[in-house]
Amino acid sequence: MEDVNQLVKVRKEKLQQLYEEGINPYPYSFERSHQSAEVVSRFGELEGREVAVSGRIMAVRKMGKASFCHIQDMQGRIQLYIARDAVGVEVYNMFKGLDIGDFIGVRGTVKKTKTGEVSVFAVSLELLSKSIRPLPIAKEKIEDGKKVVYDQFVDKELRYRQRYVDLVVNPDVKEAFVKRSKIITAMRDFLNKHDFLEVETPVLQPIYGGAAARPFKTHHNALDMTLYLRIANELYLKRLIVGGFDRVYEFAKDFRNEGIDRFHNPEFTQVELYVAYKDYNWMMDFVERLFNHIALEVHGSAKIEYAGHEIDLTPPWPRLPILEAIRQYTGKDVSSLDEGELRKIAGELNVEVTPDMGAGKIVDEIFGEYVEPKLIQPTFIIDHPVEMSPLAKKHRSKPGLVERFEPIIGGKEIGNAFSELNDPIDQRRRFEDQMRLRDRGDEEAQILDEDFLRAIEYGMPPTAGLGIGIDRLAMLMTNQSSIRDVLFFPHMRPESK
RNA sequence: GAGCCAGUAGCUCAGCUGGUAGAGCAGCGGCCUUUUAAGCCGUUGGUCCUGGGUUCGAAUCCCAGCUGGCUCACCA
């Protein structure tokens, strides 16, 4: 290592000294009896008993013949009292040479100190792993009942690049990721309870489809062929519906070769699910119940706090046709879906449109500008123009529209669903329309997938499908304004060395 | 892609209209058996993001670049 930082050097010297004293600074295991939070919460029954705890030293108050320190484990922190007479001179001296960041294991008696803090009074102590790089440790103080943190590790670049450090020193960060995990667990439980089968489909695809986005391209050497990282898994899951699996879902990492901002990361997580013999009305009911379930599991309440708003996820949510929504929020009637007229309206509304946009895309632009940000409480935007939804089934009664919905929460779309198009003749036509848009310059228009068409030519039952952006859902449930704060390792440019 | 802001010790930051680079914490040495931002005494530590320029002299002013943040644009 070319890092000649003095702090690192000092710790390496300490390492060397430990070896010379016959102490292995990297032993193999430690038998822990309790986690920190348990010792505190079960103090009543544990008082006076011996426990074994382990964790990372996070704060230390050393004195001549007795010391205090706090160790941190996955659940929290606990104070240790280490007296020379209890652990012996050798161990005590070894302890005094330890640093913040080192892992230790301690056996001792559970007692309260003079100030009433539940602590473990050590009878033995061993080093479990020596840290040779100093942590950017913050200091905390209770002031007027509030926790004040000094010198907190706040540099966003460093926090994202060295998330492992961020997690150690910023407890809120850990909490957000635990919540993210609970969200996924709650969804999985809910789906499994409703007879869904969790499946896996290809990430490397010869034809990318199922969404409108530019892909990452790669190459298979042995077959000498181009492959794409999936932008969605929709078309594969529908193939499984064709194959007779009536309810399937997949938590999928998808990849889109587009801009990065606080709502977009090049790789992100979606859950997609498909249900045979159901339509989008059924799916809307299902989404309401699913979100309510997640909120109750994660927050214990259907009311959540997001960006200064209280959002109530209790069903039912309003269902608002997109054209109606535009009329309500702009006063303009766009129901004719005539491209020329739409361009004129877009102009009047100062919405930028480009020549390659068709009618559906223009509607989407107006919606995104004037309506979406205002929909804070959960709302289903439904019945989109057919052109912007090439995989959705024609509306049963409204010409030019499809049976589609997007749940909007907190001013952001967090999912997309439809009554799936299962008419192979219509599907082929839609793909052909997409190819024409592509020729017009729309790089995100979808590509005709002959094998997918073959699959639905064999016959696909009526099906409802749904995709939910897990990252955006996690942002919502953890009240984070940037996708980076719900991704452990958000995409960054490479570190210059 | 555009605008604004930032980059100084391991961390958090100060450093004015240019004149020998600082503080707190962390570290190191010493004292200390109920501390909790422990305390007291002493002390080490710098590619001031990089490269040019102006100047007798640049952390400071100018230009370019790098990295990041925020906002906007783009984005199913």
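From a predicted model like this one, the values you see are computed outputs, not experimental measurements.
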Gap in Å between the two [atom1] atoms, one belonging to [N] and one to [M], rounded:
N	M	atom1	value
B:G10	B:G27	C1'	9 Å
B:G42	B:C62	P	41 Å
B:A76	B:G3	P	25 Å
B:C41	B:A23	P	15 Å
B:G24	B:C66	C1'	31 Å

Does B:U34 have a Watson-Crick or wobble mate here (both distances under 3.5 Å), and if so which one?
none
If B:G27 has a Watson-Crick or G-U wobble mate with both distances under 3.5 Å, name it; if not, just say none.
B:U43
At under 4.0 Å between heavy atoms, what does [X] touch on the DNA or RNA strands: base, sugar-phosphate, or nothing?
X	value
A:Pro266	nothing
A:Lys112	nothing
A:Val169	nothing
A:Glu406	nothing
A:Phe268	nothing

Quick note, A:Lys156 side chain, CB onward, closest among B:A76, B:C32, B:C70 is B:C70
A:Phe452 side chain reached by A:Tyr236 side chain, heavy atoms, under 4.5 Å:
no
What residues form a side-chain contact (heavy atoms from CB on, under 4.5 Å) with A:Glu50, not counting sequence neighbours?
A:Arg107, A:Val123
